[in-house]
There are 2 protein chains.
Amino acid sequence: MEVEPSVRVTIDDVARAAGVSRQTVSRAMNGKGEISASTRRRVLATIEELDYRPSVFARGMRTQRAGTLGLILSDIANPFFPAVARGVFDAAAAHGFSVVVHNTDAHAGREAAATREILDGGAEGVIGFFEALGDDELVALHRRLPLVVADRRAPAPDVASVSSDFATGTRLAVEHLLAQGHRHLGMLDGAVGVDHVRRHAFAAAAPGAPIVTGPPTLTGGTAAAVQLLREHPDVTALFAFNDLMAVGAVRALREQGRQVPGDCAVVGYDDLTLAADLDPPLTTVHTDKYELGSTLVEALDGVIRARRAGDGAAAGPEHRLLPATLVVRRSG
Amino acid sequence: MEVEPSVRVTIDDVARAAGVSRQTVSRAMNGKGEISASTRRRVLATIEELDYRPSVFARGMRTQRAGTLGLILSDIANPFFPAVARGVFDAAAAHGFSVVVHNTDAHAGREAAATREILDGGAEGVIGFFEALGDDELVALHRRLPLVVADRRAPAPDVASVSSDFATGTRLAVEHLLAQGHRHLGMLDGAVGVDHVRRHAFAAAAPGAPIVTGPPTLTGGTAAAVQLLREHPDVTALFAFNDLMAVGAVRALREQGRQVPGDCAVVGYDDLTLAADLDPPLTTVHTDKYELGSTLVEALDGVIRARRAGDGAAAGPEHRLLPATLVVRRSG
DNA sequence: ATGAAAGCGCTAACAG
DNA sequence: CTGTTAGCGCTTTCAT
C-alpha cells in the first residue's frame with residue numbers, strides 16, 4: 001500500500017488558482033480586512049474546490065492560537081468527570097475549540113506536568129480540577145494562560161471559578177440525616193487536596209462527628225468506612241465525599257453484616273448516572289455535571305476574549321456556584 | 001492585575017546565552033546529530049536557566065508533528081469509554097503524546113467532522129471508535145493519517161485494529177443463558193452503526209431469537225426491552241448490547257412487575273465499574289477496558305513509527321482481539 | 001480593495 | 001563536532 005507524498009495545498013496554491021494574492025485569500029477566510037464580496041466568494045469557492053486546509057502550525061506561529069483548550073482532571077475513569085467532560089466537549093465544540101485532556105491522579109507533580117504540557121502545546125486556555133497545586137501556582141499559571149478553576153474556590157479574585165455549591169449540598173445531606181433521627185454521623189472525606197469545603201461544611205453541620213480521609217475511590221470508600229466504623233462503632237449514618245466512596249462504604253457495611261440503611265445510612269455526592277440503580281438506590285447530592293462542564297467553557301471563553309481585548313481590568317471574571325440539591329433514595 | 005507581555009524565549013536567546021548557534025541548541029534538545037557531551041550539557045543548562053520552551057508551532061511547521069493523538073468516540077459520558085480513555089491517556093503520556101478527544105454520538109456527520117478537525121489540528125494519529133462511517137471513509141482517512149480502529153473489524157488489511165472479542169463474549173453469554181435453562185432469549189442491540197458482530201454472534205448462537213435495536217443507552221435499553229417484551233412476552237432472558245442497556249432493561253422489567261432474574265434474566269456487556277453494585281448485581285461480559293485503551297495506543301504508535309520509517313509494507317499492522325470473559329452475578 | 005514585503009521560531013541539509 | 005543557509009505556511013504591517 002503506497003502512502004501518498006501528501007502534498008499540502010497551501011494558501012499560495014489557492015491564491016494562484018483564484019488569481020489573487022495570499023493576503024486576499026487570508027482575508028477571505030478570516031473575514032478580516034476589507035474585501036469585495038465577489039472576490040471573497042470566488043476565493044472561498046476555490047478553497048472548497050482545492051480542499052484547502054490552513055496549517056495550524058503556520059497560523060499558530062503568527063497568532064499563537066491553536067484552537068484548543070486544556071482540561072485537567074484527576075481521573076477520567078471516575079464517573080463524575082465524564083459527565084462534566086461531556087459538557088466541556090460540547091460547549092468547546094460550539095466555540096470552535098478542541099480539547100486535550102490530562103489526568104493527574106491529584107498528584108501535585110502531575111498537575112504541574114499537565115499544566116506545562118498544555119502551556120507548551122499552545123492551548124488557548126485551561127479548565128482545571130486542581131486538587132494538589134497551591135493557590136500560588138494557580139495564580140502563576142493564570143498569568144501565563146487564561147484559566148478557570150473548577151470545584152475549588154478561586155485562588156485570587158481575578159481568577160475565574162465555577163464550582164458546585166458544596167457547602168449547601170453538604171448541609172442538605174447532613175440536615176437530612178439529622179432529620180431522619182441519626183445522632184452519630186461520620187464522614188468519609190476524599191479530598192486529598194487543598195480545598196476542604198465539604199469537610200468544613202460537614203464539621204459545621206455535625207460538630208464533633210468523626211471524619212476519616214482516604215482516596216475518593218471505591219476502594220478508598222471501603223477502607224475509610226472500615227476504619228471509621230472500627231473507631232466509632234456507634235455511627236449510624238455516613239456522608240461520603242462522592243458516590244464512589246459511598247458505594248465503597250456500602251460494600252464495607254455489607255461485609256460487616258450491617259444493613260443499609262437499616263443499620264447505617266449512606267449518603268453520597270454527585271448523583272452518578274447509575275446512582276438510582278444501585279443496591280440500595282443511593283441517596284446523594286445532585287449537581288448538574290453537564291452544566292458544570294459547559295459553564296466552565298463559557299467562563300473560560302470570557303477570560304480568553306477579555307485577555308485578547310487587552311482588557312485586563314474588564315468586567316472581572318466569573319465566579320459561579322452551581323446549585324446542589326439532595327436526592328433522597330433508599331440508602332439514607 | 002497586569003498581564004505580562006509574555007516575551008517568548010526563543011532558541012536564539014538560548015543560543016546567544018550559551019554562546020553557540022541555534023542548530024547546536026536544536027541538536028542538544030533533540031538528541032539528533034553529533035554533539036559533544038560538554039556543549040550539550042551546557043546548552044541544556046542554559047535552556048533550564050532561561051526556562052526555554054520550544055514553540056510547538058514553529059517545530060510543527062518543520063516536522064508536521066504536534067505530539068498529539070486524536071481519540072474519537074461516541075460519548076465519553078457512556079461509562080464504557082472513560083475506562084478505555086484512561087488506558088489511552090496513560091499510554092499516550094508514556095509515549096509523550098497528548099490526546100484530544102471528540103464526541104460523535106455515533107453520527108456519521110460528526111464522525112467525519114471530528115476526523116477533519118483532528119486532521120487539521122495536526123495530530124499524528126487517530127484512535128477511532130467509528131460507528132457510522134463506512135469502511136471506505138476509514139481507508140481514506142488511513143491514507144492521510146496513522147489510524148487504528150477500535151472495536152470494529154479493520155476496514156482493510158493494512159489498517160490496524162484492536163477489538164474486544166465480541167463473538168466469543170456474546171457466545172459465552174448466550175451459552176450461559178441456555179445452560180440456565182432459558183429457551184426463549186431476546187437481544188437488545190445497540191449497534192446503530194455498521195459493525196454487527198454481537199448481533200451476528202447472538203443470532204448464530206440463538207437462531208430465531210428476537211432482536212430489537214435501539215440507542216446503546218440507558219433509556220435506549222428501557223425502550224428496546226419494552227418493545228421486545230411486548231412483541232415476545234414469552235422471552236425469559238435478555239442479552240444486552242452493553243451494561244447501560246442492560247440496566248435500562250432491568251428498569252423496564254421492574255416497571256412491568258417482572259422480577260430479575262426470576263421472571264427474566266438479564267446479561268450485559270462491558271462489566272462497568274459499578275456492575276457488581278447494581279440491583280441486582282449484573283451478569284455481564286468482561287473485557288479489560290484499560291488494556292483496550294493502552295493497546296490501541298501501542299498499535300497506533302507502531303503505525304506511526306512504521307510510516308515515519310517510510311516503511312509502507314513493513315511487518316503489517318496489528319489486529320488484536322482482546323479476550324472476553326463472562327462474569328456471572330445475580331441478574332442472569 | 002488589493003498586493004508586496006517581512007518575518008513568526010524552528011529544523012533539515014549542507015558546509016566546514 | 002559545529003555553524004550557515006533556507007525555507008516550512010501563514011498573517012501583519014505597509015504600500016498602492
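When reading the values below, keep in mind they use all heavy atoms of this one structure, side chains included, and skip hydrogens, waters and symmetry mates. What you see is a predicted model; the values in this text were computed from it and never measured. Here is the naming used below: chain letters follow the sequence lines, and residue numbers restart at 1 for every chain.
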Quick one: is [X] getting a side-chain N or O under 4.0 Å of the [N] phosphate, OP1 or OP2?
X: R59(A); N: dT11(D); answer: yes
X: S21(B); N: dT2(D); answer: no
X: T24(A); N: dG3(C); answer: yes
X: S36(A); N: dT2(C); answer: yes
X: S26(B); N: dT11(C); answer: yes
X: T39(B); N: dC1(D); answer: no
X: S55(A); N: dG9(D); answer: no

> Taking N and O atoms by type only, does the side chain of R27(B) place a donor or acceptor under 3.5 Å from a partner on the base of dG3(D)?
Replying inline: yes
>> When you measure only distances, ignoring hydrogens and angles, does the side chain of R22(B) come within 3.5 Å of the base of dT11(C) through a donor and an acceptor?
In response: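 Pair found.
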What's the closest nucleotide to the [X] side chain, out of [options]?
X: P54(B); options: dC8(C), dT2(D), dC10(C); answer: dC10(C)
X: T63(B); options: dC10(D), dA12(C), dC10(C); answer: dA12(C)
X: R8(B); options: dT12(D), dG9(C), dT2(C); answer: dG9(C)

Please confirm whether the backbone N or O of [Y] pairs with a side-chain atom of [X], one donor and one acceptor, at under 3.5 Å?
X: R153(A); Y: D195(A); result: no
X: R110(B); Y: D105(B); result: no
X: D13(A); Y: T10(A); result: yes

> Of R40(B) and M61(B), whose closest DNA chain D nucleotide lies nearer the 5' terminus?
Replying inline: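 The residue mapped nearer the 5' terminus is R40(B).
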> Of A58(A) and R62(B), whose nearest nucleotide on DNA chain D comes first from the 5' end?
Replying inline: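 First, find each residue's nearest nucleotide; the 5'-ward one identifies R62(B).
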> Considering heavy-atom distances to DNA chain C, does N30(B) or V20(A) have its closest nucleotide positioned more toward the 5' end?
Replying inline: V20(A)
> Please walk me through it: do T115(B) and I72(B) pass side chain to side chain contact (heavy atoms under 4.5 Å, CB included)?
Replying inline: CA-CA 8 Å; T115(B) 285; I72(B) 296 180; 3.8 Å; yes
